[in-house]
Amino acid sequence: MSSSSAAQIDSDVSQLRKRQAEFTEELHGKDMAQHTGMFALMSKDKGKGKEAISKYLKHWDGKVDKEAEQKRLEDYNESTHSYYNVVTDFYEYGWGSSFHFCRFYKGEPFKAAMARHEHYLAYKAGIQEDDLVLDVGCGVGGPAREISTFTGCNIIGLNNNDYQIEKAKWYAKKSNLHNKLDFVKGDFMNMDFKPNTFDKVYAIEATCHAPDLQQVYSEIYKVLKPGGTFAVYEWVMTENYDETNPQHRQIAYEIEVGDGIPKMFDIKTATKALENAGFTIEIADDLTDNHDEIPWYYPLTGEWKYVQTLADLATFFRTSYLGRKITTAMVGCMERLGIAPEGSTKVTGALEEAAVGLVAGGKARLFSPMMLFVAKKPK
Ligand SMILES: CC(C)=CCC[C@@H](C)[C@H]1CC[C@H]2C3=C(CC[C@]12C)[C@@]1(C)CC[C@H](O)C[C@@H]1CC3
Ligand SMILES: C[S@@+](CC[C@H](N)C(=O)[O-])C[C@H]1O[C@@H](n2cnc3c(N)ncnc32)[C@H](O)[C@@H]1O
């Protein structure tokens with residue numbers, strides 16, 4: 001690439017970042033980090049809120065044709081940025097500050113199961129005290145806070161959503177972890193870190209937003225020290241998935257459109273992408289394939305029998321089919337009263353589609369949100 005075209009790309013990237021940061025502040029307000037869930041939804045600038053939702057709908061309007069898919073792949077940065085601008089409040093309201101699924105043991109509370117899933121990844125990655133670790137696609141920093149507390153390591157969280165970065169920084173300060181954690185804006189498809197920087201890298205349910213898995217894994221490979229480990233919970237379609245089967249494809253589309261994913265890839269593609277990036281795969285283990293008594297997707301069903309503790313009733317109520325209908329009705333009232341941005345119910349509608357697709361994919365064993373890969377960069 002010539003130096004003038006490289007300079008042009010750099011300037012386009014910095015303009016995009018500036019635009020996204022300015023829009024974030026106008027939309028969520030200067031004290032954006034301090035409000036969560038429905039309070040955050042109410043404290044948005046209503047005009048910008050409407051604009052944010054229409055930006056999101058432009059990309060995620062349910063179109064399932066190849067052309068729409070191609071557009072989402074090309075526009076992955078803006079499309080995921082706009083997705084997380086509008087869903088983050090709902091995620092925090094319904095799920096908490098770790099945006100991923102987990103396995104559940106009998107008798108185990110929801111929050112403990114989520115934390116254990118994070119500890120397990122840290123353990124498999126071999127994270128040690130004082131390691132410098134990169135969290136790729138860090139959300140609002142729930143896993144980074146847990147993993148740093150569990151291991152004592154230092155973590156840099158990389159994220160392309162400004163709203164989530166502000167929140168992650170605020171939570172880290174509140175939990176007195178700001179000396180161990182830092183959160184930076186960036187695109188995992190083109191990282192700004194120097195090569196060979198990190199002892200370990202992990203990614204939790206984030207790299208599925210990449211338009212090309214080999215590219216994101218190659219970036220991770222580049223910034224990892226030789227001999228370092230990369231551990232990931234990847235979202236994949238399983239071996240049972242047949243792209244030519246219209247019912248299978250419909251489930252994959254629901255997951256893509258409802259979860260802000262340009263294209264769902266299968267296990268084979270993810271495996272090849274890791275190998276082509278230069279990694280040696282040490283573990284490839286689909287954690288949904290364990291005959292668990294309590295399925296990973298249970299919070300999104302209406303199956304009360306799986307709720308393990310009384311304290312989990314509040315979470316389950318919000319995540320279950322009935323709870324989601326009630327949330328949609330409540331958000332509809334807020335929208336009519338003008339205290340939630342116009343179009344908010346379209347967001348709950350898309351999240352409903354996500355929930356339906358995820359449960360259908362889980363039940364049919366076509367989809368896994370926890371394909372664990374542990375891979376090494378050779379010395
Ligand atoms: C999008 C990716 C790659 C990962 C996120 C996984 C999960 C944390 C989310 C997937 C679907 C989400 C839904 C909710 C919370 C977060 C998820 C489970 C809600 C329960 C939030 C409250 C809304 O009223 C309904 C949502 C349904 C989908
Ligand atoms: C489902 S969330 C998971 C967040 C976090 N790993 C957790 O478990 O709480 C996916 C995250 O990936 C981030 N992300 C998506 N595309 C990205 C990109 N191109 N570069 C950096 N981060 C990205 C999103 O902003 C979001 O924070």
Side-chain angles (χ1 to χ4, degrees), residues 20 37-38 41 75-85 87-102 114 117-118 121 134-147 157-165 167-168 171 183-192 202-212 215-216 219 232-235 254-262 264 296-300 315-331 344-345 347-359 362 367 369-370:
Q20 289 179 339
M38 291 300 150
L41 193 65
D75 224 4
Y76 73 92
N77 190 313
E78 275 284 48
S79 61
T80 43
H81 189 263
S82 66
Y83 176 77
Y84 283 105
N85 261 347
V87 303
T88 299
D89 298 330
F90 289 101
Y91 273 30
E92 287 205 270
Y93 157 78
W95 205 257
S97 65
S98 285
F99 299 162
H100 59 78
F101 289 102
C102 66
M114 291 285 281
H117 198 64
E118 293 161 4
L121 190 74
L134 177 66
D135 179 338
V136 177
C138 61
V140 297
R145 292 193 296 283
E146 190 60 48
I147 289 176
L158 174 71
N159 196 335
N160 77 338
N161 185 277
D162 306 82
Y163 181 42
Q164 292 192 341
I165 294 170
K167 281 185 165 271
Y171 286 130
F183 298 95
V184 298
K185 162 99 174 172
D187 178 0
F188 56 43
M189 299 298 284
N190 190 3
M191 294 189 197
D192 299 325
Y202 70 85
I204 303 183
E205 303 189 21
T207 41
C208 55
H209 289 294
D212 173 355
Q215 170 74 17
V216 62
E219 287 294 292
V232 56
Y233 287 137
E234 195 54 271
W235 273 32
E254 274 167 0
I255 295 174
E256 287 163 2
V257 169
D259 293 288
I261 293 169
M264 276 301 304
W296 62 266
Y297 50 80
Y298 101 82
L300 297 177
T315 303
F316 183 69
F317 183 69
R318 291 172 188 196
T319 60
S320 66
Y321 179 74
L322 177 66
R324 298 197 303 267
K325 293 286 164 216
I326 292 173
T327 303
T328 300
M330 180 172 84
V331 170
S344 297
T345 41
V347 179
T348 57
L351 287 174
E352 182 56 33
E353 195 173 347
V356 169
L358 289 164
V359 172
F367 163 76
M370 47 187 88

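Start at 1 and go down the list; that is how both ligands and their atoms are numbered.
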- Between Pro369 and ligand 1, find which residue part has any heavy-atom pair under 4.0 Å and reply side chain, backbone, both or neither.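 Neither; no heavy atom under 4.0 Å.
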- Under 6.0 Å between ring centres, would you say that holds for Tyr202 and Tyr233?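 Not close enough - the centres of the two rings lie 6.0 Å or further apart.
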- Task: Compare His100, His81, Met114 and give the one whose heavy atom is closest to atom 8 (O) of ligand 2.
- Result: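 Selected option, by shortest heavy-atom distance: His100.
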- Out of Tyr83, Tyr84, Trp95, indicate the one that has the non-hydrogen atom closest to atom 1 (C) of ligand 2.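 That would be Tyr84.
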Minimum-distance protein heavy atom relative to [atom]:
atom: atom 10 (C) of ligand 1; result: Asp259 OD1, 3.4 Å
atom: atom 3 (C) of ligand 1; result: Glu205 O, 3.3 Å
atom: atom 26 (C) of ligand 1; result: Leu351 CB, 4.0 Å
atom: atom 21 (C) of ligand 1; result: Phe90 O, 3.4 Å
atom: atom 2 (C) of ligand 1; result: Trp235 CZ2, 3.4 Å
atom: atom 4 (C) of ligand 2; result: Gly137 O, 3.3 Å
atom: atom 6 (C) of ligand 1; result: Phe101 CE1, 3.6 Å
atom: atom 25 (C) of ligand 1; result: Arg324 CD, 3.7 Å

- Task: Have a look at Gln20 and tell me which of Asn160, Asn85, Asn161, Asn77 forms a side-chain hydrogen bond (donor to acceptor under 3.5 Å, both in side chains) with it.
- Result: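 With Gln20 as partner, side-chain hydrogen bond (donor to acceptor under 3.5 Å, both in side chains) holds for just one option, Asn77.
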- Task: Answer yes if the side chains of Glu146 and Ser98 hold a donor-acceptor pair under 3.5 Å, and no otherwise.
- Result: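 Judged by distance alone, the side chains do not pair up.
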- Query: Looking at atom 13 (C) of ligand 1, would you say a protein heavy atom lies below 4.0 Å from it?
  - Reply: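 Flag for atom 13 (C) of ligand 1 set to false, no protein heavy atom closer than 4.0 Å.
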- Query: Which bit of Gln164 gets closer than 4.0 Å to ligand 2, counting heavy atoms only: side chain, backbone, both or neither?
  - Reply: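 Under 4.0 Å from ligand 2, Gln164 contributes side-chain atoms alone.
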